[in-house]
Visitor: 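Input: one structure, supplied below.
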Amino acid sequence: MKNSIPDLRAERGWTQGDLANQLRVSRQTVNAIETGRYDPSLPLAFTIAKLFKRRIEEIFSP
Amino acid sequence: MQAETRQVLIGWMRQFGLTMAIYLVALATAAWASTSEAAGPLRTTLILAPILPGLVLIGLTVHSYHLCDEFIRFRTLQAAAVAAIVAAAFSLVYFFLELLGLPRLSAAWFSNIVWAVFVAQMLRLIAIGK
């Protein structure tokens, strides 16, 4: 699954570590999601969407 | 790493380290009792003593697993599955090699192989994103 997390994160000047802290996950998890090696669970996807103030489908696309 | 996460991790490592120390002392005592102590309730108690801290170690390990996020849990399970498959394949192959005359291996060999495969995968996971 593709996602726009790297762009959204860059807009805010956050590192992967900053985003991981806010999502309360590891940096490895953020890296795996950004590079498409791992698709987050629905609760984590909702948390990501809420953090970036976007809808899930605006961040993730098949 | 968040300060809160760091505190949880330090607390867990402290608990695990203390329990591991207790386990090792109990293990050494059990090994001594099995060879030096005369049969009786004291010997039985000393030999069984490592079981309790061993169970606590398993409990702490399960607890640490639940502290991890979903991706780390997924990759840990994946690493355990791969290690189990490698161990199964190795024991199957080596069974036939033993029939051909290769020396018998102790269970410690299999344990080392399983842990080596598991740890290699976990180290790879830690390296992600660095």
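To find a chain, count down the sequence lines: A is the first, B the second, and so on, and within it residues start at 1.
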Visitor: Quick check on the hydrophobic clustering: are B/V86 and B/F118 connected, directly or via other members, by side-chain heavy-atom contacts under 4.5 Å?
Guide: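 Different clusters: B/V86 never reaches B/F118 through Ile, Leu, Val, Met, Phe, Trp or Tyr contacts under 4.5 Å.
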
Visitor: Taking B/L57 as the starting point, is it possible to reach B/L24 by hopping between hydrophobic residues whose side chains are less than 4.5 Å apart?
Guide: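 Both belong to a single hydrophobic cluster.
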
Visitor: Is the number of heavy atoms from other residues, nucleotides or ligands under 6.0 Å of A/F60 CZ greater than 12?
Guide: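 Yes, CZ of A/F60 has more than 12 neighbouring heavy atoms, counting only those of other groups under 6.0 Å.
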
Visitor: Kindly give the cluster partners of B/L18, where membership spreads through any ILVMFWY side chain lying under 4.5 Å from a current member.
Guide: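 Taking Ile, Leu, Val, Met, Phe, Trp and Tyr as members, B/L18 shares its hydrophobic cluster with B/I22.
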
Visitor: Just verifying a value: how many Å separate B/F71 CZ and A/N31 CG, rounded to the nearest 0.5 Å?
Guide: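 Between atom CZ of B/F71 and atom CG of A/N31 there are 8.0 Å.
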
Visitor: Could you tell me which residues in residues 41-49 of chain A have at least one non-hydrogen atom under 4.5 Å from a non-hydrogen atom of chain B, sorted by residue number?
Guide: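 Counting heavy atoms that sit under 4.5 Å from chain B, the residues of residues 41-49 of chain A involved are A/S41, A/L44.
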
Visitor: Could you identify which residues cluster with B/L46, counting Ile, Leu, Val, Met, Phe, Trp and Tyr as linked when any side-chain heavy atoms lie under 4.5 Å apart, either directly or through a chain of such contacts?
Guide: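 Traced through the cluster, B/L46 reaches B/W32, B/L42.
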
Visitor: Restricting to non-hydrogen atoms, name the atom on A/S26 and the atom on B/D69 that form the minimum distance, rounded to 0.1 Å.
Guide: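 It is N-OD2, 2.6 Å.
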
Visitor: Going only through I, L, V, M, F, W and Y residues with side-chain contacts under 4.5 Å, is there a path from B/I113 to B/V93?
Guide: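 Linked within one cluster.
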
Visitor: According to a 4.5 Å side-chain heavy-atom criterion applied to Ile, Leu, Val, Met, Phe, Trp and Tyr, with indirect links allowed, do B/M122 and B/W115 form part of one hydrophobic cluster?
Guide: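 Linked, B/M122 and B/W115 end up in one cluster.
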
Visitor: Take atom CE of A/M1 as the centre, draw a 6.0 Å sphere, and report whether it contains more than 12 heavy atoms from other residues, nucleotides or ligands.
Guide: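 Yes, enclosed.
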
Visitor: What residues of residues 95-108 of chain B make heavy-atom contacts with chain A at a cutoff under 4.5 angstrom?
Guide: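 The list, in residue order, is empty: none.
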
Visitor: Which heavy-atom pair separates B/L125 from A/Q28 by the least distance, and what is that distance?
Guide: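 Heavy atoms of B/L125 and A/Q28 come nearest at O-CG, 3.3 Å.
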
Visitor: Quick check: is A/W14 connected to A/V25 through a chain of hydrophobic side chains (ILVMFWY, heavy atoms under 4.5 Å apart)?
Guide: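 Yes.
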
